[in-house]
Number of protein chains: 2
Amino acid sequence: MQNRPDITMDAVYTAPGYLFRRMQQIAVAIFIEECRDFDLTPVQYAALIAIRTHPGIDATRLSAVIAFDRSTLGSVIERLEAKGYIERKPAPEDKRVKLLYLTKAGSSLLRDIMPAVDRAQVRMLQPLKPADRKTLLVLLAQLVDLNNEASRVPLRAEDALEHLGKVG
Amino acid sequence: MQNRPDITMDAVYTAPGYLFRRMQQIAVAIFIEECRDFDLTPVQYAALIAIRTHPGIDATRLSAVIAFDRSTLGSVIERLEAKGYIERKPAPEDKRVKLLYLTKAGSSLLRDIMPAVDRAQVRMLQPLKPADRKTLLVLLAQLVDLNNEASRVPLRAEDALEHLGKVG
DNA sequence: TCTCAATTGACAGTATACTGCCAATATGGC
DNA sequence: GCCATATTGGCAGTATACTGTCAATTGAGA
């Protein structure tokens, strides 16, 4: 054979970076499909959970808690506020800061959407054997954790607690 | 403890969808960092490799070969053309189609950028033990392949060959 | 107290990633 | 040859995801 294009493309198809991108696209597609009755994206869902977990968090700390950058989060927060799922209240002791709170509608939405989110998470790994699902998840969690500092916005879970004075 | 916010966030942190997103963000950050001397993104790199592998491919088939949707690819192609790495030529037998070819500059770029791309791919998995790297890659490749149809733009590697009359 | 560095949220700009929709063009059934 | 259908590339619109910059505000040190 003179022409074997597949050999060249295999360098792309088997590259970790390409596989991570494809898997992320598939994961988002599955999430959106399972949650189509609720007008919510994966990022918006993560933000809502974080705000429910840390009521009164500000945008900068929120970005550290879910590891999305501040610029992106600005528009995410805007959309969540427009949909009535969260409220933004100015902080009394710091005029720069706006504190984030879940509304009743946001709270209800999280309760209602839970089964769909769970279905989505299950579906993503469904094609693998149960043991392999566990293996993949463990390795991926390790890799993400160990590569945390390589990310542009490293995860800083403990940051979220500081404003509540629970971590020093 | 009355307040245990971490327990709630763990539902996000251990969710496959969240881990896939974080890993993808990390992978892109590492790619961009290693390839900072070359003004090229991961998607643009994949597109260039695919065009080199299938000279004279059109945009629709290209989208099937690298599994990116047509709309996104339109602007990617535009940028690659603006940088002088590819050429768009109208197809003689079909006035709708524009065929894509690598330029000399594109060819040189691919040759020069290769070491940086390889470094990036290695760095993404570096924190894991060698055996775990292999395991993760194999499982991920399996999962992506088995979930191919769940993607909005399933990979159709064979489509790229049709215009060359090599697959029936 | 005053000044300077850091923080916060906002904005502009670029690049994916998707949904639709559209006009031009091809093609297959009749 | 004609017409319904499909394909192709382009466009508008939405949503991440990042880079930078900026003004307002805060806080820490001289």
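Here is how names work: the chains are called A, B, and so on, in the same order as the sequence lines, proteins then strands, and each is numbered from 1. All figures in this text were calculated on a predicted structure; none of them were measured in a lab.
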Which of residues 36-51 of chain B have a heavy atom under 4.0 Å from DNA chain D?
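By residue number: none to list.
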Pairwise N/O distances under 3.5 Å, protein to nucleotides 24-28 of chain C:
{"unit_1": "dT25(C)", "atom_1": "O2", "unit_2": "Arg96(B)", "atom_2": "NH1", "d": "3.3"}
{"unit_1": "dA26(C)", "atom_1": "OP1", "unit_2": "Lys95(B)", "atom_2": "N", "d": "2.4"}
{"unit_1": "dA26(C)", "atom_1": "O4'", "unit_2": "Arg96(B)", "atom_2": "NH2", "d": "3.4"}

Per the side chain to side chain donor-acceptor pair (under 3.5 Å) rule, what does the pair list look like for residues 41-52 of chain B, sequence neighbours excluded?
Gln44(B)-Lys83(B)
For [X] and [N], give me the distance from atom [atom1] to atom [atom2], rounded to whole Å.
X        : N       : atom1 : atom2 : result
Asp69(B) : dC11(D) : CG    : C1'   : 13 Å
Arg70(A) : dT21(D) : CZ    : C1'   : 11 Å
Arg61(A) : dT7(C)  : CZ    : C1'   : 10 Å
Glu33(B) : dT19(D) : CD    : P     : 11 Å

Quick test of your reading: applying salt bridge (Lys or Arg N to Asp or Glu O under 4.0 Å), list the pairs with at least one residue in residues 117-129 of chain B, sequence neighbours left out, ordered by first then second residue.
Glu33(B)-Arg123(B), Glu34(B)-Arg119(B), Glu34(B)-Arg123(B)
Contacts under 3.5 angstrom, residues 73-81 of chain B side chains, donor-acceptor by atom type, not counting sequence neighbours:
{"unit_1": "Ser75(B)", "atom_1": "OG", "unit_2": "Thr72(B)", "atom_2": "O", "d": "2.9"}
{"unit_1": "Ser75(B)", "atom_1": "OG", "unit_2": "Arg79(B)", "atom_2": "NH2", "d": "3.4"}
{"unit_1": "Glu81(B)", "atom_1": "OE1", "unit_2": "Arg88(B)", "atom_2": "NE", "d": "3.1"}
{"unit_1": "Glu81(B)", "atom_1": "OE1", "unit_2": "Arg88(B)", "atom_2": "NH2", "d": "2.8"}

Contact class for Thr60(B) vs. all strands (heavy atom < 4.0 Å): base, sugar-phosphate, or nothing?
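If one applies the 4.0 Å heavy-atom cut-off, Thr60(B) turns out to touch the sugar-phosphate alone, with no base involved.
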By the 4.0 Å heavy-atom rule, please label Val76(A) as base, sugar-phosphate, or nothing.
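Sugar-phosphate: the residue Val76(A), judged by heavy atoms under 4.0 Å, touches backbone atoms but no base.
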Using atom types as modelled and distance alone, determine if a side-chain donor or acceptor of Arg133(A) lies under 3.5 Å from a backbone N or O of Leu128(A).
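It does hold such a pair.
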Listed by chain and number, what are the side-chain contact (heavy atoms from CB on, under 4.5 Å) partners of Pro154(B), not counting sequence neighbours?
Asn148(B), Glu149(B), Arg156(B)
Which residues pass the side-chain contact (heavy atoms from CB on, under 4.5 Å) test with Ser71(B), sequence neighbours left out?
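Per chain and number, Ser71(B) pairs via side-chain contact (heavy atoms from CB on, under 4.5 Å) with Asp69(B).
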Among residues at least two apart in sequence or on other chains, which ones pass ring-ring contact (aromatic ring centres under 6.0 Å, His included) with Tyr18(A)?
Tyr13(A)
Under the 3.5 Å rule, do the base of dG20(D) and the side chain of Ser71(A) count as making a donor-acceptor pair?
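Answer is yes: a donor-acceptor pair is held.
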For residues 105-112 of chain B, tabulate all N or O donor-acceptor pairs below 3.5 Å that involve a side-chain atom, not counting sequence neighbours.
{"unit_1": "Ser108(B)", "atom_1": "OG", "unit_2": "Lys104(B)", "atom_2": "O", "d": "3.0"}

